[in-house]
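Structure first, then comments.
Chain A is the first sequence line, chain B the second, and so forth, proteins listed ahead of strands; every chain is numbered from 1.
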Amino acid sequence: MKKPAAARARKAAPAKKPSAAKSAAAGKRAGVNDDIGADTRLELYRLQYEIRVCEKKAYDLFLQNLVKGTSHLSLGQEAIAAGFAGAMKPGDKSFCTYRGHAHTLARGVPMEKMLGELMQRDNGLMRGKGGSMHLTSEEHGVMGSYAIIGAHLPIACGAAWRAQYLGHDDVSVCFFGDGTTNIGAFHEALNFAKIWNLPVVFVCENNLYMEYTPIGDVTAVEHPAADRAPAYGLPKIIVDGNDADAVYRVAQEALEKARSGGGPSLIECKTYRHSGHSRADPGAYRPKGELEEWLKRDPVKIYRERLAEFGIKEAQIKKIEKAIDEELDQAVENCKAAPLPPEEIMTTDVYADGGWAWRN
Amino acid sequence: MKKPAAARARKAAPAKKPSAAKSAAAGKRAGVNDDIGADTRLELYRLQYEIRVCEKKAYDLFLQNLVKGTSHLSLGQEAIAAGFAGAMKPGDKSFCTYRGHAHTLARGVPMEKMLGELMQRDNGLMRGKGGSMHLTSEEHGVMGSYAIIGAHLPIACGAAWRAQYLGHDDVSVCFFGDGTTNIGAFHEALNFAKIWNLPVVFVCENNLYMEYTPIGDVTAVEHPAADRAPAYGLPKIIVDGNDADAVYRVAQEALEKARSGGGPSLIECKTYRHSGHSRADPGAYRPKGELEEWLKRDPVKIYRERLAEFGIKEAQIKKIEKAIDEELDQAVENCKAAPLPPEEIMTTDVYADGGWAWRN
Amino acid sequence: MAELTYREAVARGIAQEMRRDENVVFLGEDVAKAGGVFKATVGLYDEFGPLRVRDTPISEQAILGAAMGAAMTGLKPIAEIMFSDFLAVCFDFIANEFPKSRYMSNGQTKCPLVVRTGNGAGSRFGAQHSQSVENWAMMIPGLKVVAPSSPADVIGLLAASVRDPDPVIFFEHKSLYAVKGEVPDGEILDTLGTAKILRAGKDATIIALALMVPRALEAADILARDHGIDCEVIDVRSLVPLDTQTILGSVSRTGRLFTVEENPRLCGWGAEIASIAADECFYDLDGPIVRITTPHIPLPAADNLEDIVLPTPQRIVQKIVQSMN
Amino acid sequence: MAELTYREAVARGIAQEMRRDENVVFLGEDVAKAGGVFKATVGLYDEFGPLRVRDTPISEQAILGAAMGAAMTGLKPIAEIMFSDFLAVCFDFIANEFPKSRYMSNGQTKCPLVVRTGNGAGSRFGAQHSQSVENWAMMIPGLKVVAPSSPADVIGLLAASVRDPDPVIFFEHKSLYAVKGEVPDGEILDTLGTAKILRAGKDATIIALALMVPRALEAADILARDHGIDCEVIDVRSLVPLDTQTILGSVSRTGRLFTVEENPRLCGWGAEIASIAADECFYDLDGPIVRITTPHIPLPAADNLEDIVLPTPQRIVQKIVQSMN
Ligand SMILES: Cc1ncc(C[n+]2csc(CCOP(=O)(O)OP(=O)(O)O)c2C)c(N)n1
Ligand SMILES: Cc1ncc(C[n+]2csc(CCOP(=O)(O)OP(=O)(O)O)c2C)c(N)n1
Ligand SMILES: [Mg+2]
Ligand SMILES: [Mg+2]
């Protein structure tokens, strides 16, 4: 993955409420004194575009019954994955949920490896053994995707503890949804991270829904993560999760804080998923017009427009898109052609000796 | 149990920090316009005195190896049990921890029944089957004592949900320690209680320690319960837990709020346990002088002094004390004389049919 | 008589009990307005309204704790834990609270509630959403444990569970939700603790549960047709109480016992039954007791792998033929 | 040679491994400054300091989750869960996280950690602080499960667990903490997956674990002296990996198998072993396999009741005599 320029983040102001924040800055930006810069912007766009087209493809493949089991798309939430991955350094660790395609791709995992796993083929990241909810690529710092709500928050603490103990300078970043803020492990992890001053960043992607239930129906506070931050001695941080630049800046700051011994952060990103929760969920529980409102703030669309505002040429953008489109087509072909996982791997890697023997 | 006069509670001001709060009001009180009144005060004293002498006796019996297993005393925390029980109505429900002797007595369970259980005799509350950590007396509204940290907070929510659903006007009161605020079930219960607007009162007895570890060493905020209240949309309430009047007022208010449909409260009572955590723990982990400081604020002692300030005669107090002393002596005699539980109850009451058959 | 899916039977069973008794209430994640992620509770919210059918936050401990507190004080809650794998995040209530309070209080406390949960493999969901965990409940004294294999059993055993005065863990098999079966009209009420002989046979006894029941039946057909082995097939239905009379009676007649278990092998329900048979009808046994289980591994997601790890009719046949010769 | 208590052996075992490897770290509630509620970790904080021996909040999920994250990325954590009953509040890590990540990631992820926990009855603590829950771990594929019965085994098996590349659940028996035993000087390193024949015998095999081991030995003495029955006694020591060779070898020689289990009966470790024996050495068996267990009930607190529910030497003798005649 190309690394964005190491521009220092500005103090991130909490985003306005998404409905009000609508490209407030359009036309006002100047390319010159910009803190992010063209290279990074192109990279942030590239990541968002890759996630967008790959997720759409995953959905098509699901409808064709080529993606098996389940799949949880991040359509509409691309800016968060891109903004964080853009700010993370190679050794940093990502901990994801079942909705982990975006973060996995953003850390540099090839689309083919990810789609192969969704299609449960032998070319998949885990050769089909884990499936879409458990994407893991340690070589890219993707330390696993966890499908039981809450578990990976304490696990991310542990990875951060190791960094602190060994004097490594990597940061663990843990992504989760709004619904996850109501489970016990959230509470335990946040308190633990703070008292041990761990280099971990907790990122809540508040897409307004659990599976089908609006988060507001079941949460005692308005901002499910941010309003809990003071309970762990942490500042309240809210960011517009549909604005990759805003996410990038907040991410830079939190990562830098963690890396320099400043301890954990909890960041709430306001966003929306364009698709249903999983599989073919039509999202019928959404009030009419809600999706349409959010589509106006489509992160990929607004970011593409912003590139133009910052003077980036359409040809440059097109080139990036084309490369990804081609890679994706090839990835799909390769996955379709890939064999199923061989039967013998069914019992491998239960234990460290490679096998599953529980007896002699 | 004699019910205190139904005086309306005044708005409870958060207590000053215990070290500073030292009988600030001494000598300034007037008996006439007092919101609590002599009858209730005598009752609050009676409860505190009963708990005090009974807990001391339990400790003696433990040292004599007559109390078996373990026991967790509330010496020093009597004002909280008395203040709440004084404010609760007969149908209200108490949910306690292993440190539940005080609350059990305060709801009117006879000392003999409780000591019998600690001594694991057939005359015990549960005939020795539960032991000191599980004191239960449904007829007194003591819905159980729970020995796994956190579990009874959601359970109390359930009892409150039943009241709400059936239109009953009882309130569930759930007592727990400072250490309990860091476990996941705390978080889940508080959020749940708030969103369902349940008639439940959560009472954190902050005695500064878990078993041996100071709560401040492992908690991200200064006030482990109160500083978390806003995370559940609740007001921050701190009260001097060594002042039975202050506790009584706050309890009245929270109970009234819950009873009238105003939903849950979370109350942090600042206190200190005079004894060790359990059994014969000498409390060696405490800084020198800390206990001595707190002994100056001994709730039973200061309350007794206050009775005098309010013009209650020494003879009245002595009479109460004597009655309890006598009852206690008799209770101990009866327990010593009581038989062990008979072997046949070992397998009774696993299931509702009275037996334990898991097969035909 | 109507033909219902297993999924529809769940909703009908709950509705039957909610109509009968106002104290029956139902809570879980996405169960109300959305009708459940398996669509097994569609219609309940509309019929019984928001006070009796309630959506919760993702707080499994609060769900089970609230169910317990309500049960202790007079309601009859049905709580849904979406996938049985998630029993692990609220296991304290399963293992330490529900089943012990009555005993510890010497009979003062009651806990009449039902925990329904989607159990088992076959959906290609991977290791954290596919487990068969009936033994997680069976091993805990004080619980009752039920796992129906047909739509009619779903209704009858669910009704029995709701009316039972003790805590019942009710395992619905995810891969059976779409399966159809004949269901009598009117109220259905079955009895916990009763196994069912679904096929009589004289050569061997096969004991199965939930999704393994149709597979055992299919295997028995093949064994009879191709190998001349006449198997009795028993659907255990209820692990606690356990109908040992029916099981041991059958084993005594046939002289052979095979269990077909979806769980990973170690400490599965079949181990318990095998140990009972090896003790109590040892002298009636004509050969080894053989357990046919999923290997002791986490479950793979890939469809071809998942299909071969679970016991199949073919594997059942092969194991039984091998052992009977 | 020194005489140590089982409690002292725990501290010595941990210290041995912490001296050997700087990546061994230790965390739990009250384990550091206070030396543990069972005083089994006294001295470690002083020797290894606050960065390696850490007190935690009452957050069992955070304890195990943090141990896992550290293990995945290079440390060797030892985590204490004070009482094994509390495994229920962090069971997701035991059942769904530790044991599945390596498999699901197709071997990318490692999880080398040890969870130590105080297990078992005898302290009159009642139903929520006295359980024997080895089967909670044994039933989960991907874990290793150890339960030593003597001070020397504590050190050797703890060292083996710390050096093992897989997650190990290490059950220390609370009622053995005060028991003394001879312990060799110097480093001790044992091997997981090895049962020990503690007494040779020809008439019957008794298999036991942890606190039941001394009781089985005592029973064997009585059986030999008073009843002329010569029992072989095996300490299983490690439930996973399970040393079936030693166990089945013994059963084949003696022809009889008895298990002595502290757990409530259903799905205890003995059920699994019984089912293996009933399959694999059926034709060597001369009589029923009998399991001697705690009845399937929550545990009572009262001392006289607790004493009679656990298997005693007397009950073991009586059951074996009854079955052998
Ligand atoms: C402990 C647990 N409970 C329930 C579920 C089922 N479940 C999967 S995703 C989900 C919704 C999660 O919502 P949120 O945290 O907002 O994340 P999102 O899916 O919106 O990204 C639920 C309830 C689960 N996987 N684990
Ligand atoms: C889940 C769980 N973890 C640990 C324990 C062991 N334990 C019993 S009491 C206690 C300290 C509790 O502290 P606090 O909540 O402050 O209550 P206090 O004892 O001070 O009243 C601990 C850790 C437990 N019983 N349950
Ligand atoms: Mg969400
Ligand atoms: Mg405390």
* To do: Find out whether B:Phe192 and C:Pro57 are in side-chain contact, i.e. whether some heavy atom of one side chain is under 4.5 Å from a heavy atom of the other.
  => yes
* CA sep, side-chain torsions, deciding dist, call: C:Phe93, B:Ile148, side chain to side chain contact (heavy atoms under 4.5 Å, CB included) -> CA-CA 10 Å; C:Phe93 295 89; B:Ile148 300 200; over 6 Å; no
* **Contact leader toward chain B among C:Leu64, C:Asn23, C:Leu51, C:Leu75, where contacts are heavy-atom pairs under 4.5 Å** => C:Leu75
* Asked: Quick check: does any side chain N or O of C:Tyr103 sit under 3.5 Å from a backbone N or O of B:Met346, one acting as donor and the other as acceptor?
  -> yes
* CG/C:Asn106 to CZ/B:Arg127 distance, rounded to the nearest 0.5 angstrom? -> 6.0 Å
* Max heavy-atom pair count under 4.5 Å with chain B, selected residue of C:Val89, C:Leu27, C:Leu239, C:Ile58 -> C:Leu27
* To the nearest 0.5 angstrom, please state how far the OH atom of B:Tyr165 sits from the OG1 atom of C:Thr73. => 12.5 Å
* Asked: When you look at B:Asp353 and C:Asp166, which way does the side chain to side chain contact (heavy atoms under 4.5 Å, CB included) test go after all the steps?
  -> CA-CA 9 Å; B:Asp353 64 8; C:Asp166 292 308; 5.8 Å; no
* So among B:Met143, B:Glu138, B:His134, B:Met126, which one has a side-chain contact (heavy atoms from CB on, under 4.5 Å) with C:Thr109? -> B:Glu138
* To do: Kindly indicate, with the supporting measurements, whether the criterion salt bridge (Lys or Arg N to Asp or Glu O under 4.0 Å) is fulfilled by C:Glu272 and B:Arg359.
  => CA-CA 12 Å; C:Glu272 185 57 43; B:Arg359 59 175 286 186; over 6 Å; no
* Asked: CE of C:Met104 to CG of B:Leu125: how many Å apart, nearest 0.5 Å?
  -> 13.0 Å
* To do: Counting only heavy atoms closer than 4.5 Å, note whether C:Ser105 contacts chain B via side chain, backbone, both or neither.
  => both
* Once you round to the nearest 0.5 Å, how far does CD of B:Glu188 lie from CD1 of C:Ile63? -> 8.0 Å
* **Separation of B:Leu166 CG from C:Glu22 CD (nearest 0.5 Å)** => 9.5 Å
* Atom group of C:Glu97 that falls short of 4.5 Å from chain B, counting heavy atoms -> side chain
* Of C:Leu242, C:Asp243, C:Thr246, the residue whose pairing with B:Asn360 passes side-chain contact (heavy atoms from CB on, under 4.5 Å) -> C:Asp243
* CZ-CD distance between B:Phe186 and C:Gln61, expressed to the nearest 0.5 angstrom -> 13.0 Å
* To do: Please assess B:Tyr146 against C:Asn96 for the test side chain to side chain contact (heavy atoms under 4.5 Å, CB included), listing each intermediate value before the final yes or no.
  => CA-CA 10 Å; B:Tyr146 298 78; C:Asn96 293 327; over 6 Å; no
* **Which atoms of C:Leu143 approach chain B - backbone, side chain, both or neither, heavy atom under 4.5 Å** => backbone
* How about B:Tyr351 and C:Pro241: do any of their side-chain heavy atoms sit closer than 4.5 Å? -> no
* Asked: Does a sphere of radius 6.0 Å around CD in B:Glu343 hold more than 12 heavy atoms from other residues, nucleotides or ligands, not counting ones at 6.0 Å or beyond?
  -> no
